[in-house]
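To start, the structure itself, in structure tokens.
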Amino acid sequence: MSGKSPVVIDLKFSRASVTKALSGAFADREVIDMGDPQIGGRDLSGVEYAVVWKPNPVLFSRAKDLKVIFSGGAGVDHILSAYQLPDIPVVRFVDRSLTDRMSEWVVLQCLTHLRRMPEYAVQQRERLWHELDGQPEARDVTVGIMGLGVLGRDAAAKLKTMGFNVIGWSRRPKSLKSLQTYDASGLQDFLAATDILVGLLPLTDETRGIYNADLFAKLRRGGALGKPIFINAGRGGSQVEGDLFVALKDGTLAGASLDVFESEPLGTDSPLWRMDNVIITPHAAAASDVGALFRHVEEQIARLESGQKLKHIVDRAAGY
Ligand code: NDP
Ligand code: OXD
């Protein structure tokens, strides 16, 4: 084996996807796969790199020589909130394929609600042939995206291609071509102009519980869709599901599409499952392609070992 540091992997993805991707990865160094039952109590001293998704907490106390932690996904709350971490860089997964998949999901959900597919699904179950009146066009509807990072900006561009009017909200002010943006202080104005709210925020102390009754009540009413729609693929910890259920029941919201939940998997007793105006997907909006993840880690390690800076380092104070 080369004199290069091994890489330890603790990825709670499907075993098949990890095993398949490993077969062509990290040819120049040893891989310690914590998902392999044979690995068990392997000594992790001298291991400088970890690639993790929902890792076992003991990993960080056992691997004392770590220099970089690579997240198996774009989000890092699964690492930052759950562990006492060493003071070393945490790197996000930023990837073309993940970004494309997320935008596909967001555009699909916006079109689904625009074209009243939940209502047509009910009619189909009842074998009812009836065209619903009052079908607005995308250009009549404003989609407000909370989170204008890698994913929010790509989704915005693709929604605009479909004709939607798109606005965005982020922590810090932005100046983006052909997209009206609001910073933290402009939240009220942003919500008042939004017909379809898309959540693409990371989970941090500031964003926990942000999608609550108070926020839903501030969304625009009387726009082309009549009542607002809520779509969330960021993190479930940002939504207050009790408030969401009430808002969907009492008509504050016309409908929702949810990929993420306060607790996952969503319990079979959640009333959200049975609501005709709610679309549920099982945290599947943009799964990581494990092969692409390993290529990204290899590239980053190559940068570091040739004296260049790592890309996509998390701001630990901001939490994303
Ligand atoms: P980025 O870090 O690129 O962007 C995060 C955005 O959120 C930034 O625009 C940032 O503002 C904004 N933001 C963060 N905190 C606040 C705040 N307190 N108030 C206002 N805006 C805030 O992340 P990505 O776009 O790559 O990913 C976003 C999230 O999507 C991930 O963290 C993850 O939780 C989720 N995700 C979900 C997946 C799924 O399958 N459901 C798949 C992949 C990701 P600013 O620009 O000012 O920094
Ligand atoms: C991610 C996710 O953060 O899949 O990448 O949730």
Side-chain angles (χ1 to χ4, degrees), residues 11-14 17 51-55 70-82 90-106 108-109 144-158 166-176 179 181-191 197-211 215 231-239 257-262 264-266 279-290 292-293 296-297 311-320:
L11 292 169
K12 305 299 183 316
F13 296 151
S14 86
S17 66
V51 190
V52 301
W53 182 255
K54 302 183 180 166
F70 295 98
S71 171
V76 289
D77 51 296
H78 67 107
I79 309 173
L80 298 190
S81 58
V90 175
V91 172
R92 286 174 358 96
F93 183 35
V94 174
D95 175 53
R96 195 261 328 141
S97 139
L98 187 151
T99 305
D100 282 354
R101 287 176 207 215
M102 179 58 84
S103 293
E104 287 167 9
W105 188 90
V106 170
L108 172 69
Q109 301 311 323
I145 303 182
M146 290 180 79
L148 287 177
V150 174
L151 302 182
R153 288 199 306 270
D154 192 72
K158 288 168 182 168
V166 185
I167 60 176
W169 182 76
S170 59
R171 190 166 63 97
R172 297 167 291 189
K174 298 233 167 340
S175 160
L176 298 178
L179 184 65
T181 58
Y182 300 77
D183 65 13
S185 65
L187 183 59
Q188 305 264 0
D189 291 343
F190 164 83
L191 294 172
L197 182 68
V198 173
L200 283 173
L201 286 170
L203 182 61
T204 67
D205 291 345
E206 286 181 23
T207 64
R208 186 173 293 283
I210 195 168
Y211 309 123
L215 178 142
I231 293 174
N232 191 13
R235 281 291 181 266
S238 297
Q239 75 203 10
S257 289
L258 307 170
D259 185 57
V260 289
F261 298 88
E262 282 177 9
E264 295 177 5
L266 180 64
I279 289 166
I280 290 175
T281 52
H283 200 140
S288 296
D289 171 330
V290 192
L293 169 66
H296 146 90
V297 173
K311 288 178 171 175
H312 314 305
I313 296 183
V314 169
D315 174 345
R316 297 270 288 266
Y320 65 97

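Heavy-atom basis, side chains included; hydrogens, waters and symmetry copies ignored. From a predicted model like this one, the values you see are computed outputs, not experimental measurements. Positions are given from 1, in the same order as the sequence printed here. Both ligands and their constituent atoms are indexed starting at 1 by order of listing.
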Ligand 2 N/O within reach of [X] N/O, cut-off under 3.5 Å:
{"X": "G73", "result": "no"}
{"X": "S288", "result": "no"}
{"X": "G75", "result": "yes"}
{"X": "R235", "result": "yes"}

State, yes or no, whether a side-chain contact exists between [X] and [Y] at a heavy-atom distance under 4.5 Å.
{"X": "H283", "Y": "R235", "result": "yes"}
{"X": "L98", "Y": "S288", "result": "yes"}
{"X": "L197", "Y": "Y211", "result": "yes"}
{"X": "H296", "Y": "L293", "result": "yes"}

With sequence neighbours left out, the residues meeting salt bridge (Lys or Arg N to Asp or Glu O under 4.0 Å) with R172 are none
Within a reach of under 6.0 Å around CG of D205, are more than 12 heavy atoms found that belong to other residues, nucleotides or ligands?
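No, not enclosed.
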Going by the side-chain contact (heavy atoms from CB on, under 4.5 Å) test, name the single residue among L179, L200, L176 that passes it with R153.
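So, applying the side-chain contact (heavy atoms from CB on, under 4.5 Å) to R153 and each of L179, L200, L176, only L176 qualifies.
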Counting only heavy atoms and a distance below 4.0 Å, can you name the residues contacting ligand 1?
A74, G75, R92, L98, M102, G147, L148, G149, V150, L151, W169, S170, R171, R172, K174, L200, L201, P202, E206, T207, A233, G234, R235, D259, V260, H283, A285, A286, Y320
Is the contact between A286 and ligand 2 made by the side chain, the backbone, both, or neither, using heavy atoms and a 4.0 Å cut-off?
backbone
Applying a strict 4.0 Å limit to heavy atoms, is F13 in contact with ligand 2?
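Heavy atoms of F13 never come under 4.0 Å of ligand 2.
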So OG of S257 and CD1 of I231: to nearest 0.5 Å the spacing works out to 5.0 Å
For atom 6 (O) of ligand 2, the protein heavy atom that lies nearest, with its residue and separation
H283 NE2, 2.6 Å
Side chains of S71 and H312: do they bring a donor and an acceptor to under 3.5 Å?
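Looking only at side-chain atoms, H312 and S71 do not form any donor-acceptor pair under 3.5 Å.
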In terms of the angle between their ring planes, are F190 and Y182 parallel, tilted or perpendicular, with boundaries placed at 30° and 60°?
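Correct class here is perpendicular.
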Within 4.0 Å of some non-hydrogen atom of A74, the atoms of ligand 2 are 1 (C), 3 (O), 5 (O)
